[in-house]
Structures are given as structure tokens and as C-alpha cells.
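These notes concern the structure reproduced below.
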Amino acid sequence: MILHKLTSSPFKDLSLQHCLQRLGESDGVLLTQDAVYALIHQDIREKLNALSGKVFLLEEDADARGIEANGNVEIIDYEGFVELTLKFNKVVSW
Amino acid sequence: MILHKLTSSPFKDLSLQHCLQRLGESDGVLLTQDAVYALIHQDIREKLNALSGKVFLLEEDADARGIEANGNVEIIDYEGFVELTLKFNKVVSW
Amino acid sequence: MSSFTLLVTSAPFTEQNAYSAYRFALASVQAKHSVNGIFFYQSGTLNGSSLQLTPSNEFDLYAAWQGLANDYNVPLMVCVSAANRRGVTTAQEALDSDTPHFSLTPPFESVGLGELAVLMKNSDRLIQF
Amino acid sequence: MSSFTLLVTSAPFTEQNAYSAYRFALASVQAKHSVNGIFFYQSGTLNGSSLQLTPSNEFDLYAAWQGLANDYNVPLMVCVSAANRRGVTTAQEALDSDTPHFSLTPPFESVGLGELAVLMKNSDRLIQF
Amino acid sequence: MSDSISTIAIINQSAPYGTSHGQESLDMAMAMSNFGQDVSLFFIEDGVLQLLSKQAPENIDAKTYHKTFPALEFYDIDNIYVCKQSLKSRGIKVSELCIDITLIELHELPTLLACQQHVMSF
Amino acid sequence: MSDSISTIAIINQSAPYGTSHGQESLDMAMAMSNFGQDVSLFFIEDGVLQLLSKQAPENIDAKTYHKTFPALEFYDIDNIYVCKQSLKSRGIKVSELCIDITLIELHELPTLLACQQHVMSF
């Protein structure tokens, strides 16, 4: 029950790839800052779509960058971000 | 005649990959700082070996990290680094 | 009601992380959760520099941190060893090292890493930015 | 004899880049090349903070920059707008903004980006770190 | 090595907002042009994301610096090159960008940089 | 939420020297242990490079902090986990490391983190 918080673009570095390789059964992925560009990265987007219900997108960061949610990504704002960290047992920041 | 100066690990980010995709005929590649780990990255090492005579390794940074030169990589120290920037027409730092 | 410790390891302006931490902290206290403290480490200690001059048409994160401390009593703790090497020093530290100037003033406080251990022990979640 | 301008855009200690720039500058002047100036921009401006307190068993990059300026007359130019927002300010800038403290002192100088244009125009190579 | 102007290429390879690279690169470009240098801009990899019209950085209290790009022509910055492959791999159409640009192929970058005296990258 | 000690996992994913992450992560680990916390260290991806015996950071005036790793047992930090796949992809043998470690598989990381109260990463 770990929430993995991502901040960097998957076109730039490999942290999202490395995180997905080690994802536990009941873990979740939260895309913030430049990690919201994962939704326009074809390979990564397919991997995220396979994780239905476990992928979250920070609305403020996505809107700032002009990125729209697609697939089964759940959109949350900062208030939802706070609650999400409490639904999971702990948060790992990559 | 561009010297491409790299500083980050190819296991971490994609700057070396992106640089190699855009390499000109007479360009060179200089591995400094964490980019010296390129020599223990199997895929990248093969690509670099194909660029015989155009790949340079900064000795101080490699020694600091315990990385040894292999293949056709030319080892230079800071003095050689200075001269290398003058052999090429310009330097791009990635 | 849950309790948080935030660990901020990134410089202001240069990276978005410190701003994100501020937004998270604000959303937490507005939702009536308790933020036991914001702990600044590594480049995050630069958030504590009172010498930052933000252009008037840009968001002033330093003022925002001050507001969070004043309005919601959130402690702003800066790791002394990480801060000093980056030029973030208190009046006392400046005096001890014969430097005439300093940059860290309240509500930011200079503390050791032990304070982070205390914060974490009493928090439901540690969130790093 | 060739001439260089170095553009340093990375923070000291947190990243190795600023140190690498110093080593490159030193190797250049020792090989009788001329370093027209080191220009500090973005996080690189933090190199100019005189408030940095480096632990005695670690390399003091601030002192090394000072040595380079004193021994080889290499100008150390800090971009004023990038520096001010990061808490690197001169006595005059502090006075203008009613801040009692400041952090930038000679041999570092606070300049505008126009100085970089002049440096580059007169240099054979620009090397960014 | 003369009193004439320099030609300067500025490579933008970073996404906006996550770091200050984009905003400070634009500051640099305008300053260099103001001081009479001949500036060309290259947007490659995540740098192309800076040019999207549909951005709304006010959501994260960031400067809407992308609105300055259309004004670059008044700063005499006319050479704005964008990597075609970088747009394609991100699913971005030229019509989604906020300025007129010149599309270039991956391998054209070294050729175009060859004509420049100095190169910076952000 | 008690006066008892916390269990803290510190993930090291960065190469040494290029950034200060490695050195400041070790400072953090030792401080947390000194203040009575139960600290476990995880080395994954480029973090495993910090553990190489053959490093000589004096060449770049950096602190030889990797020589402190063998002393961690005296700080009561006994749980040191290293990702097997991260070593393998870098062609590193366990015998090249400067301390005794416990090898773990990729997928063991979430399981091991599950037992920890808090996680930091550097």
C-alpha cells in the first residue's frame, strides 16, 4: 500500500520506468509536476492504462502544462492529494 | 566539429542517448562526471565503441568513481580537456 | 485529523518541488490536518534565506512560508549543517564564524537532524518534496 | 594562447558542475590560456555567496574561486537578476530593498547579462558547466 | 575575436515549470538580443513542451512566460527551430504551438549549430 | 504516533559525486540512527555505485564518504539491501562492494518497504 509520487518527465529521466518495474500489487502512482507528461508518452501511457484505478494525476500540475487526463487516470487536486497520502500507508517520492 | 560534453549517468537520464541520436559526422563526445558510467552501460558502450576515436573520458572523474576506460575511448586529464575544447570548433554541454 | 511531516530537499524557484510542498502543507492545514513541521534539508535549506528578492510580478514563496508559519503555527525547521554549507546561516552562526552577515531569521529556525526524528515519530505521514 | 568564457549554471556542493568549472578554469590559466571571465547564472549564482561555511575537512570551492580571481585576475561575474531571487545580494542591492544583510562581496561582482555578451564576443570558446 | 556581433545558439531541452530552465533561458535569449547578439533558438526533446499554446501556469503560480514567445520577433529573434521528432514522439501538432517555427529533422541540429559561434543549453 | 522509535527506510538511487545526494543521505542515516531510530538502507539503480570499493574521490576533491559504509554496523545500521538487477545491469559483482549487504530482487523492494513507517529517498 505505497503511493509512489513522481515529479520528472519520462522523456527526460528513467525514474518512472524504474518505479513501475518495482510496483507492488496494491501500490498507487501519483503523477505530479513534469511527470504529468507521462500521459503523452506512448509506451508509458500503455503501462499506466494497465494499472486501472491505481494512477492519479495532480490537476493543478496537468492544467498548468496543458495536459489532459486520458485512460483510467483519476484526477485529484491538492486537497485530494492530501487525502490520497492517507489512503495509502506511506508515500515514496522518486 | 562539435564537442558534446556529458555530465549525467545514462542509467538515470536520457541526455547521452539524445545526444548520440543527433551526433554530426565530425563531432566528438566527452564523458565527464557521472557520464563516465556510460562505460559500464552495455548498450551505450557498444554505441560508443562504434564511434572509434571520437570518444573521450575525463580521467579525474573516472578515477574518482572507480571506472576504467575500455574499447577505443581516449583518456584525457583537465589539461587535455582544455586542449580538446580548442581542437573542436565549439562545445555543447548536455 | 491526521498529522504530517514534510521534508523539503529542493531549492526554491530553481525547482518546482518546494512550491508543491507549500501547496500540500496549505491544503493539509485547510483540511484541519496538522502539519507538525516542515523540515528543510539539502538544497531545500535555501528556502530559509531571508535575502531572497522575488520580482514583484512573481510568486513569493518565502513570504508564503512565513504566512504558513504565522497563520497556522507550522514550524519551519532548517537543517543547520546542510544550510551552513549553502550560505544559510543565523546571527549566532555568523558570530561564531566571524562573518558579519547572516540570512536565516524567524519564523525559520536552525535545528539539527534530531528534530526531524522527533517530528517523524509524531507524524502519521512523512512526505518528501 | 586562446581565450575562454565559462558559464556556470549549477549550484556549488549540490552538484559537481561548479567544481568541474573551477578545475577547467585553473587548467586553462596554468596552460597560459586566458579566461576572460567566469559568468554565474541560474543556480550558479549561489557560488557567489560569502556566507557559505564549508566544513574544515571538505574542499572550499568559494575560497578556490577567490584564489583564482586573486592569483590570475579572472573576473567572477554574477548575474544580478538570477542572484537576487536566490538570496545572493550586494550591499547596494540590500540597501535598495531595505534588507539589513547581504552576501555578495568582492572579488565576485554583480553584473547584468550584457557583460556575458561582451565576454563571449571576445572569447574563442564558451564552455558551460 | 572581433568587435562584431556573435552568433549564439540557445538549446532548450527542458520542460517548463518543473525547473526554472525554460524561463531563465528566455531571459537569456532576450538579453543577448538586446545587447546586439544574433540569437537562434532550438527547441528539442522536452523543450518543445514550452511552446504549447494551451498552458495555464497560473494554476501553480508560475509565470506565464510562454506568452512572451510570440513577441520574440520584436526582439529580432526570428530563427526558432523545433525538432520534428520531438514533437512527434509527444503527439504534438505544429498547430498546437504558440508561435511560428521552423521544423528541423534530428540530424539537422549539428549542421545548424555549425554556423553558430557559441552554444548554450538549458 | 507513539513515543516508541520509528522505522525508517532510506532509498539511495543516485550515483555518488555528481550530486550531493549520496553524502547527505549517509549523514541523514547516521543522524537518524544516533537519535534512536531504526534505519534500513536500500541501494537501487545508480545508488549501488556508491558502494564500489575502488573509488578514489580525492581526484576531484570530494569526500571519501564510501569509507564510512563499513562503519555503519557501529551505528546499529545492519539492514543494508542492494538490488541484484541494478548490480547486474552495471556489470558489478558483490565482491566489488565495500560492505556486506543483503541482495534483493526488484520486486522485493515494495515488500520490504511495507514493514517501514517512513521512507526517504536520495
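Chain A is the first sequence line, chain B the second, and so forth, proteins listed ahead of strands; every chain is numbered from 1.
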Legend entry - Interatomic spacing from CG in L109(E) to CD1 in I2(B) - rounded to 0.5 Å: 7.0 Å
Inset, instruction - Assess whether atom OH of Y75(E) is packed by more than 12 heavy atoms of other residues, nucleotides or ligands within 6.0 Å. - result: no
Legend entry - Partner of P16(E) by side chain to side chain contact (heavy atoms under 4.5 Å, CB included), out of H66(E), K63(E), Q50(E): Q50(E)
Legend entry - Spacing of E73(E) atom CD and I80(E) atom CD1 [to the nearest 0.5 Å]: 8.5 Å
Legend entry - Residues I40(B), F11(B); criterion side chain to side chain contact (heavy atoms under 4.5 Å, CB included); working and verdict: CA-CA 10 Å; I40(B) 57 168; F11(B) 294 99; 4.0 Å; yes
Inset, instruction - Go through L57(B) and V36(B) one step at a time and tell me if the side chain to side chain contact (heavy atoms under 4.5 Å, CB included) criterion holds. - result: CA-CA 7 Å; L57(B) 179 72; V36(B) 305; 3.6 Å; yes
Inset, instruction - Go through the atoms of L106(E) and report whether side chain, backbone, both or neither lie under 4.5 Å from a heavy atom of chain B. - result: both
If you check both backbone and side chains, which donor-acceptor pairs between chain E and chain B fall under 3.5 Å?
{"unit_1": "E45(E)", "atom_1": "OE1", "unit_2": "H18(B)", "atom_2": "NE2", "d": "3.4"}
{"unit_1": "E45(E)", "atom_1": "OE2", "unit_2": "R22(B)", "atom_2": "NH1", "d": "3.0"}
{"unit_1": "E45(E)", "atom_1": "OE2", "unit_2": "R22(B)", "atom_2": "NH2", "d": "3.0"}
{"unit_1": "S86(E)", "atom_1": "OG", "unit_2": "R22(B)", "atom_2": "NH2", "d": "3.3"}
{"unit_1": "L113(E)", "atom_1": "O", "unit_2": "K90(B)", "atom_2": "NZ", "d": "3.2"}
{"unit_1": "A114(E)", "atom_1": "O", "unit_2": "K90(B)", "atom_2": "NZ", "d": "3.2"}
{"unit_1": "Q116(E)", "atom_1": "O", "unit_2": "K90(B)", "atom_2": "NZ", "d": "2.9"}
{"unit_1": "S121(E)", "atom_1": "OG", "unit_2": "S93(B)", "atom_2": "O", "d": "2.7"}

